[in-house]
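In this chain, residues are counted from 1 in sequence order.
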Amino acid sequence: MSGRFIAVTGAFVTACFAVPAHADPCEAPVPSQVGVEFSGLVRYVGDGDGLCVGRTSDPNEWIEVRLADFDAPELHTPGGPAAKAALERVALRREITCTAERGRGGRGRSFDRVIARCWIGGKSLGDLLRQAGVAEGGN
């Protein structure tokens with residue numbers, strides 16, 4: 001069998017049987033203005049710098065957040081899974097308060113997430129992750 005045939009066949013099989021990526025469950029509209037404060041429990045952690053905050057167990061009320069003060073490695077790169085696990089240890093099911101901010105590019109949103117600085121017990125979540133030894137390195 002030629003290498004080309006195997007590559008084409010592999011691509012066909014992958015396309016036909018690929019499992020769709022699991023989307024995050026956060027469904028609430030994100031705050032549209034900088035300075036808006038919101039709070040709730042951390043209900044879901046998507047990666048090392050992304051989470052969902054909600055006051056109830058209904059995902060339709062969960063706000064998706066991109067942390068303003070911490071850039072974790074991407075989930076599919078070295079350090080990414082460890083960063084996600086650290087964020088889960090530090091924040092999952094804990095009360096959090098967030099304030100919407102502008103990101104590096106001046107925007108208040110990153111894709112479908114609000115860019116926000118968040119605190120647990122008066123401590124910045126970015127600082128808590130650094131204290132936990134999580135390496136930065138995302139974008």
Side-chain angles (χ1 to χ4, degrees):
M1 248 184 239
S2 76
R4 180 180 163 98
F5 175 77
I6 292 170
V8 170
T9 302
F12 174 77
V13 170
T14 300
C16 291
F17 298 102
V19 177
H22 176 68
D24 64 72
C26 320
E27 297 296 331
V30 299
S32 59
Q33 294 184 334
V34 170
V36 171
E37 188 174 288
F38 55 97
S39 62
L41 292 180
V42 174
R43 303 286 181 164
Y44 173 84
V45 172
D47 58 21
D49 52 25
L51 52 88
C52 298
V53 178
R55 295 210 91 23
T56 73
S57 60
D58 181 358
N60 291 311
E61 297 180 13
W62 298 356
I63 298 171
E64 189 171 6
V65 175
R66 163 62 167 87
L67 295 177
D69 62 338
F70 193 83
D71 289 324
E74 297 301 316
L75 195 54
H76 63 279
T77 65
K84 177 181 177 178
L87 182 55
E88 288 174 334
R89 280 192 309 276
V90 168
L92 194 59
R93 292 181 291 283
R94 296 195 58 198
E95 184 72 27
I96 193 169
T97 300
C98 302
T99 303
E101 289 189 359
R102 291 197 195 288
R104 290 178 294 206
R107 297 182 321 268
R109 291 179 62 153
S110 175
F111 300 101
D112 59 345
R113 305 179 291 179
V114 62
I115 298 171
R117 188 170 309 260
C118 300
W119 296 269
I120 294 175
K123 295 182 181 177
S124 157
L125 197 45
D127 288 343
L128 290 170
L129 290 169
R130 281 186 280 282
Q131 289 172 2
V134 180
E136 293 190 68
N139 29 331

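For the pair I120 and V90, the tightest heavy-atom approach, listed with the atom from each and the gap, is CD1-O, 3.7 Å. For A100 against V114, the heavy-atom pair with the smallest separation is CB-CG2, 3.8 Å. When all heavy atoms of Y44 and C26 are compared, the pair lying nearest together is CD2-SG, 4.4 Å. Considering all non-hydrogen atoms of both residues, P73 and T77 come closest at CB-OG1, 3.7 Å. In plain terms, the two heavy atoms of L125 and A91 that are nearest each other are CD1-CB, 4.1 Å. Looking at every heavy atom in both residues, V53 comes nearest to C98 through CG2-SG, 4.2 Å.
Annotation: the span from I63 atom CD1 to R113 atom CZ amounts to 14.5 Å, rounded to 0.5 Å. Atom OG1 of T97 and atom CH2 of W119 lie 8.5 Å apart (nearest 0.5 Å). Taking CZ of R55 as the start and CZ of F38 as the end, the distance is 11.5 Å to the nearest 0.5 Å. Rounded to the nearest 0.5 Å, atoms CD1 (I96) and SG (C52) are 11.0 Å apart.
None of V134, V45, L128 except one satisfies the side chain to side chain contact (heavy atoms under 4.5 Å, CB included) rule with L87; the exception is V45. Partner R117 forms a side chain to side chain contact (heavy atoms under 4.5 Å, CB included) with one of D69, L67, V65 and no other, that one being D69.
L41 places a side-chain heavy atom less than 4.5 Å from the side chain of E95. In this structure, the side chains of R102 and I115 stay at 4.5 Å or more apart for every pair of heavy atoms. Counting heavy atoms from C-beta outward, R66 and D71 have side chains that approach closer than 4.5 Å.
In this structure, W62 contributes its side chain and T56 its backbone to a donor-acceptor pair below 3.5 Å.
The environment of CZ in R130 is crowded: more than 12 heavy-atom neighbours from other residues, nucleotides or ligands sit within 6.0 Å.
Of the charged side-chain nitrogens involved, none lies within less than 4.0 Å of a carboxylate oxygen, so that E88 and R93 do not count as a salt-bridged pair.
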